[in-house]
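Contents: one structure, followed by commentary.
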Amino acid sequence: MSTDLSIDADWSAQYIDGEWVAAGDDETIAVEDPSTREVVAEVPSATEGDVDDAYEAAAAAQEEWAEAPPAQRSAVIQQFLQALREHDEAVADLLAHEIGGSAIMGETSVQIASDHAGEAATLPRRMKGEHAESNIPGKENIVERGPKGVVTVISPWNFPLNLSARAVLPAIAAGNSVVLKPSTNSPITGGLLFAKLFEETDLPEGVLNVVTGRGSEIGDRVASHPESDVVSFTGSTSVGKHVAGLAGENLAVAAMELGGNNAHVVASDADVDRAVDAATFGSFVHQGQVCISINRHVVHEDIYDEYVEKLTKRAEELAVGSAHEPDTVVGPIIDESQRDEMLGYVEETVDAGATLETGGETADLDGVDDSLIVRPTVLSGVTNDMAAACNEHFGPIAPVIPFSDVDEAVEIANDTEYGLSGAVHAGDLSVAKEIAGRMETGNVHINDQPINDEAHVPFSGVGASGVGEYNSDAFLQEITETKWISVQHEPREYPF
């Protein structure tokens with residue numbers, strides 16, 4: 001297959017053991033452009049037999065790859081990074097066609113994926129063991145660290161490039177082989193693209209394998225495959241629980257980043273303009289289709305009206321339209337089911353007594369029937385139990401909830417099963433740090449918004465937001481294992 005990375009390239013084969021092969025039954029899945037609603041590509045609909053072939057290839061290739069010197073594994077990741085940078089514009093265009101990513105989203109995705117590649121390239125030299133003193137005279141304790149084996153990566157559709165990269169690249173760098181199963185909504189940018197980019201490197205055949213298919217048909221086989229030693233999954237909590245259960249049947253390590261319901265807390269002494277700037281980005285970038293986006297705006301009653309007014313104005317000023325227009329900020333939702341669900345939450349919230357300040361409807365596009373674009377939406381007078389607040393709406397929706405004191409703000413923020421990310425704005429940093437420290441979430445950002453990902457900083461969620469950790473040494477622990485070797489240098493005295 002050529003290195004053409006345009007949407008018009010041939011994407012009709014999956015990647016197994018270094019070869020581009022059709023699905024076992026030659027079935028395909030259509031890829032629809034969310035902006036135009038047109039079919040723009042066809043990808044294979046893999047069978048369970050294809051999945052077995054991928055794991056067989058991964059298992060066969062892994063042992064030799066694990067023996068490759070650290071410099072060799074690092075060099076391959078650096079080659080991947082170079083290929084990604086050389087094709088950055090083509091990759092951003094793919095994201096626009098496949099998932100409706102705006103120019104801002106595409107550039108951000110490439111930047112974050114590049115950051116993960118740069119960090120992953122350092123991991124081979126950081127896989128260090130240790131010597132430990134022994135309680136036994138004359139004994140030497142050695143702890144070695146090595147790869148787990150075969151890592152399964154099941155990636156989501158919302159940020160497919162970087163959310164695949166953060167698992168695939170460290171896994172390969174650490175000496176594992178990988179079977180990558182991207183979302184059905186993003187099989188190219190979440191999966192097949194990686195195979196094409198790695199073909200421009202010196203990665204041995206079989207170390208990376210990509211199978212594309214419907215989760216309902218091959219998902220369980222991927223998650224439960226006996227050759228899998230680690231299962232990395234990003235997606236909804238309900239599906240994640242199922243995937244983790246299947247992984248557990250084989251005692252595979254489960255690294256799960258799941259749902260979120262992130263609070264953006266704004267104290268009475270906050271810089272309102274700065275808080276609204278952060279809120280506009282944190283709620284509306286990529287149409288709110290970000291696991292760590294703002295789901296709830298929790299704002300002190302003294303500045304509540306000002307905040308709602310300014311956020312509403314900013315929402316109405318955002319450029320809405322096709323992802324193929326360079327000025328678009330808010331583009332299409334990924335598909336009809338997601339669109340209808342989020343609009344349903346808005347309707348339920350208004351019916352429960354909230355006020356629709358702006359949005360709450362689709363925007364028409366010339367020549368497109370049944371537009372997937374949802375206008376940026378602001379809801380005031382919201383309580384934490386209303387549909388748009390208590391559910392992960394995953395859309396360009398900003399429910400604004402008032403509070404009267406710090407204790408109430410913390411109670412509102414924590415009144416959810418999720419604990420993924422959050423933000424606090426306050427003029428008094430001691431107050432901000434108090435609120436941040438009491439928020440039950442894996443990540444929280446002061447005087448910023450929740451959408452932050454830096455490859456060298458550990459990332460995790462608590463509660464229903466997942467198990468395991470990503471990034472840097474934290475994910476390295478998930479994809480490697482230790483072996484204790486002791487050497488008894490002197491004769492040992494035994495009790496009998």
Side-chain angles (χ1 to χ4, degrees), residues 259-267 270 272-273 275-318 320 329-333 338-363 371-404 408-409 411-416 418 420-425 449-451:
N261 188 338
N262 312 298
H264 183 71
V265 179
V266 185
V272 176
D273 290 331
V276 169
D277 282 345
T280 303
F281 179 86
S283 271
F284 302 127
V285 69
H286 194 38
Q287 299 76 262
Q289 298 175 125
V290 192
C291 53
I292 49 177
S293 66
I294 300 171
N295 205 86
R296 294 168 296 153
H297 300 244
V298 183
V299 180
H300 194 276
E301 59 190 12
D302 288 352
I303 58 171
Y304 185 86
D305 290 343
E306 179 186 1
Y307 183 93
V308 169
E309 180 182 354
K310 289 183 174 180
L311 183 61
T312 300
K313 184 174 186 294
R314 290 293 301 277
E316 292 174 342
E317 291 172 348
L318 295 176
V320 173
V329 174
V330 177
I333 301 303
Q338 292 281 337
R339 177 202 63 190
D340 294 347
E341 181 177 67
M342 65 183 65
L343 288 176
Y345 290 148
V346 172
E347 183 177 355
E348 290 178 46
T349 302
V350 172
D351 289 344
T355 299
L356 179 64
E357 299 288 344
T358 190
E361 61 184 2
T362 58
S371 168
L372 293 176
I373 297 173
V374 173
R375 292 190 181 279
T377 300
V378 177
L379 295 159
S380 64
V382 178
T383 58
N384 219 32
D385 59 349
M386 292 181 181
C390 66
N391 294 289
E392 184 183 22
H393 53 66
F394 224 60
I397 300 167
V400 191
I401 304 169
F403 73 89
S404 58
E408 185 181 12
E411 181 181 358
I412 292 170
N414 291 340
D415 186 18
T416 174
Y418 302 106
L420 191 55
S421 193
V424 180
H425 277 255
Q449 44 73 47
I451 304 176

Between [X] and [Y], does any side-chain donor sit less than 3.5 Å from a side-chain acceptor?
X    : Y    : result
E301 : S404 : no
S293 : H286 : no
D415 : N384 : yes

Quiz prompt | Parallel, tilted or perpendicular, as decided by the 30° and 60° cut-offs, for the rings of H300 and F403 | solution = perpendicular

Self-check item: K313/E309 salt bridge by N-O under 4.0 Å criterion
Solution: no

What distance do [X] atom [atom1] and [Y] atom [atom2] have between them, rounded to the nearest 0.5 Å?
X    : Y    : atom1 : atom2 : answer
D305 : S380 : CG    : OG    : 8.5 Å
I401 : T383 : CD1   : OG1   : 7.0 Å
R375 : T362 : CZ    : OG1   : 8.0 Å

Can you tell me if [X] uses its side chain to pair, donor with acceptor, with the backbone of [Y] under 3.5 Å?
X    : Y    : result
Q287 : P396 : no
R296 : N261 : yes
Y345 : I397 : no

Exercise. Count the heavy atoms of every other residue, nucleotide or ligand shown that sit under 6.0 Å from CD of E361, and state whether that count exceeds 12.
Key: yes

Quiz item: With a cut-off of 6.0 Å (strictly less than), are more than 12 heavy atoms of other residues, nucleotides or ligands near CD of E316?
Solution: yes

Quiz item: Between S283 and H264, is any pair of side-chain heavy atoms under 4.5 Å apart?
Solution: no

Quiz item: Do the side chains of E341 and H393 get nearer than 4.5 Å, heavy atoms only?
Solution: no

Practice problem: For salt bridge (charged side-chain N to carboxylate O under 4.0 Å, His left out), just list the numbers for K310 and E306, CA-CA rounded to whole Å, side-chain angles, deciding distance to a tenth of an Å, and then say yes or no. | Solution: CA-CA 6 Å; K310 289 183 174 180; E306 179 186 1; 2.9 Å; yes

